Visitor: 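Would you mind keeping the following structure in view while I ask a few things?
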Amino acid sequence: MKIKSFLKLLIGVILLLFIPLIGMQLSNEVNWSLFDFIVAAFLLLISGSLIWLIINKAKTKKTKFLFVGFVLFLLIIVWAELAVGLFGNPFAGS
């Protein structure tokens with residue numbers, strides 16, 4: 001990954017993580033720990049890197065669309081599992 005692309009991805013992740021940080025200041029309903037921010041940053045960086053790789057390496061638009069959709073689907077499933085224990089396994093801390 002090029003340095004410029006990685007910096008853009010890093011800035012995007014930081015901006016996304018400002019949403020819960022601001023939410024914590026405005027409401028008691030949002031209660032993230034440092035570990036939550038680290039896990040979220042890791043998930044977003046890995047997902048963003050995979051999407052960047054797919055966009056740059058896949059040849060057809062259909063292939064790009066399918067693989068990017070799959071990565072986003074996995075991100076949403078993992079995020080939901082960590083947030084509310086969607087499947088009720090020990091991965092979510094249940």
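Every value quoted in this text rests on a predicted model; they were computed, and no experiment measured them. Only this structure's heavy atoms are used, side chains among them; waters, hydrogens and symmetry mates stay out. Sequential numbering from 1 along the given sequence is applied to the chain's residues.
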Visitor: Can you give the donor-acceptor pairs under 3.5 Å from side chains of residues 7-28 to other protein atoms, not counting sequence neighbours?
Guide:
residue: Ser27; atom: OG; partner: Glu29; partner atom: N; Å: 2.9

Visitor: In terms of heavy-atom contacts, does CZ of Phe42 have more than 12 from other residues, nucleotides or ligands at under 6.0 Å?
Guide: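 Atom CZ in Phe42 is not packed in, count stays at 12 or less.
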Visitor: With sequence neighbours left out, write down each residue that passes ring-ring contact (aromatic ring centres under 6.0 Å, His included) with Trp79, or none if nothing qualifies.
Guide: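 So Trp79 forms no ring-ring contact (aromatic ring centres under 6.0 Å, His included) with any residue.
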Visitor: State yes or no: do Leu82 and Phe37 share one hydrophobic cluster built from I, L, V, M, F, W and Y residues joined by side-chain heavy-atom distances below 4.5 Å, directly or via other members?
Guide: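 Leu82 and Phe37: one cluster.
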Visitor: Are Ile77 and Phe70 connected, step by step, through hydrophobic side chains (Ile, Leu, Val, Met, Phe, Trp, Tyr) whose heavy atoms are closer than 4.5 Å?
Guide: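 No, because Ile77 and Phe70 fall into different hydrophobic clusters, even though each may have its own neighbours under 4.5 Å.
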Visitor: Who pairs with Phe35 by side-chain contact (heavy atoms from CB on, under 4.5 Å), at least two apart in sequence or on another chain?
Guide: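 Testing Phe35 for side-chain contact (heavy atoms from CB on, under 4.5 Å), a comparison that skips the adjacent residues, returns Ser33, Val39.
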Visitor: Are Trp32 and Leu45 co-members of a hydrophobic cluster defined by side-chain heavy atoms under 4.5 Å apart?
Guide: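 Shared cluster, yes.
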Visitor: Quick check on the hydrophobic clustering: are Leu74 and Trp52 connected, directly or via other members, by side-chain heavy-atom contacts under 4.5 Å?
Guide: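 Looking at the clustering, Trp52 is in a separate group from Leu74.
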Visitor: Would you say Ile54 and Ile46 are hydrophobically clustered, going by side-chain heavy atoms of ILVMFWY under 4.5 Å?
Guide: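 Both belong to a single hydrophobic cluster.
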Visitor: Run through the side-chain heavy atoms of Ile, Leu, Val, Met, Phe, Trp and Tyr, join any pair under 4.5 Å, and report what else lands in Leu34's cluster.
Guide: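 Grouped by the 4.5 Å side-chain rule, Ile38 form the rest of the cluster around Leu34.
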Visitor: With side-chain hydrogen bond (donor to acceptor under 3.5 Å, both in side chains) as the rule and sequence neighbours excluded, what pairs involving residues 63-76 come up?
Guide: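 Pairs touching residues 63-76 that pass the test: Thr60-Thr63.
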Visitor: Indicate yes or no: at least one non-hydrogen side-chain atom of Asp36 is less than 4.5 angstrom from one of Asn31.
Guide: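 With C-beta onward as the side chain, the pair stays apart.
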Visitor: With Ser47, which of Val78, Leu75, Val68, Leu72 fulfils side-chain contact (heavy atoms from CB on, under 4.5 Å)?
Guide: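 Considering Val78, Leu75, Val68, Leu72, a side-chain contact (heavy atoms from CB on, under 4.5 Å) with Ser47 is found only for Leu75.
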Visitor: Which Ile, Leu, Val, Met, Phe, Trp or Tyr residues join Leu66 in one cluster when any pair of side-chain heavy atoms under 4.5 Å counts as a link?
Guide: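 None, because no other hydrophobic side chain comes under 4.5 Å of this residue.
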